[in-house]
> 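My questions all concern the structure below.
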Amino acid sequence: MATSTPVNVPSKMKAWVYGQYGKPEDVLKLESEVDVPDVNDNQVLIKVVAASLNPVDFKRMYGEFKATDSPPPTVAGYDVAGVVVRVGSKVKEFKVGDEVYGDVHEHALNPKGCGTLAEYTAAEEKVLALKPKNLSFAEAASLPLAVETAYEGLESARLSACESVLVLGGAGGVGTFTIQLSKHVFGASKVAATCSAGKLELLKTLGADLAIDYKSNKYEDLPEKFDVVYDTVGEADRGIKALKEGGRVVTIVGGQSVVPPAFVFVVTSTGSVLTRLKPLIEEKKLKPVMDPKSPFPFSHTIEAFSHLQCGRATGKVVIYPI
Ligand code: NDP
């Protein structure tokens, strides 16, 4: 039961919905008569202003998490930035009118039916944080799942100051944050990262001391070795060959064979990471990186998915305005 008076909340909304598993271009439809979600005691209802896409969105849509997923029909989308329009009776941190952002699915592989590619979405307060004032809604929507994965993944690899890190896939949604956090939060002594030739300069501006063109160099053959390899592309086995004695490979890509000292990490959505990073965002030490084709308007969401699915996006693919 919600305790606050609703602010002009209609009963129906537009949302991108799929009724069966498949490719976005085949199954994802923009529907206009979808029920606005109810909120339970611990949730808030958000008027969505912007959302961002993640590969998990299309992997889930393909049916890769069928065993743990909530069954379709599903409103797609994990990441949101928007305005609170209703609060549940036990919500303590947020009130109507607050500008918030977050990844609404606490467990990435066990998501609920109600996502963020919609005019309204419901989320537990623990997955949300107040939007830093210096970020636009589009910029804020580009952070949650990717920055939380970067942060928690580096924590799980126990990266400490005075250690070096190699980020495989430094130009993607997760990689761009992993470089910035390694440098500015974890205090890594050296940050190296891979990407294709045209993105080398970007990686340096994000904090990489060494940017490696993976098409013309084999990073595992470099004389220099690393304490931590953070794998966002599915190369855990090659990553092991780039480690120093006692090093660790954290990979966020499933479906590959992973042997120690490599291990798989899966993100848990929590607003506490976003809150912890707020000062850094406000000091502009941690910056959103939006793909140059972004933002895509809400009606062009299928096009945005096609772009992300190519695997060549730079930073984050954002949907705005919604
Ligand atoms: P993106 O789609 O944003 O990554 C695209 C980037 O990957 C491009 O910039 C591309 O750069 C780069 N890239 C592709 N192939 C290579 C390569 N061989 N070497 C170096 N760079 C490469 O993906 P995300 O960063 O959002 O996610 C990465 C992976 O992590 C996905 O598989 C995703 O599902 C997974 N993931 C897992 C999570 C978890 O909790 N386990 C959470 C979040 C994501 P270029 O064009 O220069 O090649």
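Counting convention: from 1, in listed order, for ligands and their atoms alike.
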> Check Phe94 against Glu125 and note the closest heavy-atom contact, atom names and distance.
CE1-O, 3.5 Å
> Show me which atoms of ligand 1 lie under 4.0 Å from any heavy atom of Gly169.
20 (C), 21 (N)
> Quick one: which ligand 1 atoms are inside 4.0 Å of a heavy atom on Pro55?
2 (O), 23 (O), 24 (P), 26 (O), 27 (O), 31 (C), 33 (C), 34 (O)
> At a 4.0 Å threshold, what atoms of ligand 1 neighbour a non-hydrogen atom of Val267?
39 (C), 40 (O)
> With a heavy-atom distance limit of 4.0 Å, tell me whether Val233 approaches ligand 1 through its side chain, its backbone, both, or neither.
side chain
> Looking only at protein heavy atoms, identify the closest one to atom 4 (O) of ligand 1 and say how far it is in Å.
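Checked against all protein heavy atoms, atom 4 (O) of ligand 1 sits closest to Gly172 CA, 3.6 Å.
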> Numbering the atoms of ligand 1 from 1, which are under 4.0 Å from a heavy atom of Thr194?
20 (C)
> Which protein heavy atom lies closest to atom 10 (C) of ligand 1, and at what distance to 0.1 Å?
Gly311 O, 3.3 Å
> What's the shortest distance from atom 48 (O) of ligand 1 to any protein heavy atom, and which residue and atom give it?
Tyr214 OH, 2.4 Å
> If the threshold is 4.0 Å, N to carboxylate O, is there a salt bridge linking Lys12 and Glu33?
no
> Does the side chain of Gln256 pick up a donor-acceptor pair with the side chain of Thr251 at under 3.5 Å?
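Yes, side-chain donor-acceptor contact under 3.5 Å.
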> Give yes if a backbone or side-chain nitrogen or oxygen of Leu145 is under 3.5 Å from a nitrogen or oxygen of ligand 1, and no if not.
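No: no nitrogen or oxygen of Leu145 is under 3.5 Å from one in ligand 1.
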> Does ligand 1 come near enough to Leu168 that some N or O of the ligand is less than 3.5 Å from an N or O of the residue?
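N/O-N/O distance below 3.5 Å does not exist for this pair.
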> Counting the benzene-type ring for Trp, do Tyr151 and Phe186 have ring centres under 6.0 Å apart?
yes
> What is the nearest protein non-hydrogen atom to atom 8 (C) of ligand 1, stated with its residue, atom name and distance?
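Looking at atom 8 (C) of ligand 1, the protein heavy atom closest to it is Ala313 O, 3.1 Å.
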> Specify the protein heavy atom at minimum distance from atom 29 (C) of ligand 1: its residue, its atom name, and the distance to 0.1 Å.
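Protein heavy atom with the smallest distance to atom 29 (C) of ligand 1: Thr232 O, 3.3 Å.
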> Short N/O distance, under 3.5 Å, between Leu308 and ligand 1?
no
> Could you measure the distance from the CZ atom of Phe265 to the CD atom of Glu152? Nearest 0.5 Å is fine.
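The CZ atom of Phe265 sits 4.5 Å away from the CD atom of Glu152.
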> I need the atoms of ligand 1 closer than 4.0 Å to a non-hydrogen atom of Lys199, numbered in the order shown.
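What qualifies from ligand 1 is 8 (C), 9 (O), 11 (O), 45 (P), 46 (O), 47 (O).
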> Looking only at distances, can you tell me whether any N or O atom of Ser196, backbone or side chain, sits closer than 3.5 Å to an N or O atom of ligand 1?
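Indeed, backbone or side chain, Ser196 has an N or O that close.
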> Identify the closest protein heavy atom to atom 38 (C) of ligand 1: which residue and atom is it, and at what distance?
Ile252 O, 3.8 Å
> List ligand 1 atoms under 4.0 Å from Glu235, heavy atoms only on the residue side.
18 (N)
> Using the rule side-chain contact (heavy atoms from CB on, under 4.5 Å), only one of Asn54, Thr301, Asp291, Asp57 pairs with Val317; which is it?
Asp291
> As a quick check of understanding, evaluate side-chain contact (heavy atoms from CB on, under 4.5 Å) for Met290 and Lys316, giving each step before the final call.
CA-CA 5 Å; Met290 300 232 283; Lys316 294 287 303 172; 5.7 Å; no
> List every atom of ligand 1 that sits less than 4.0 Å from any heavy atom of Phe265, numbering the atoms from 1 in the order shown and giving each element.
39 (C), 40 (O), 41 (N)
> For Asp69 and Asn110, which I'm curious about, is there any donor-acceptor pair between the side chains at under 3.5 Å?
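Side chains of Asp69 and Asn110: no pair found under 3.5 Å.
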> Which protein heavy atom lies closest to atom 15 (N) of ligand 1, and at what distance to 0.1 Å?
Arg312 NH2, 3.3 Å
> Distance under 4.0 Å to a non-hydrogen atom of Lys59: what atoms of ligand 1 satisfy this?
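Listed by number with element: 31 (C), 32 (O), 33 (C), 34 (O).
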> Considering only non-hydrogen protein atoms, determine which one is nearest to atom 42 (C) of ligand 1 and report residue, atom name and distance to 0.1 Å.
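Result: Thr149 OG1, 3.3 Å.
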> If the plane angle is over 60° it's perpendicular, under 30° parallel, otherwise tilted; pick one for His307 and Phe296.
tilted
> For the atom pair CG (Leu277) and NZ (Lys285), what is the distance rounded to the nearest 0.5 Å?
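The distance works out to 12.5 Å.
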> May I ask you to check whether Ser272 and Thr270 show a side-chain donor-acceptor distance below 3.5 Å?
yes
> Verify the distance criterion only: is there a donor paired with an acceptor across the side chains of Tyr219 and Glu235 at less than 3.5 Å?
yes
> So do Pro295 and Ile319 actually touch side chain to side chain, heavy atoms under 4.5 Å?
no
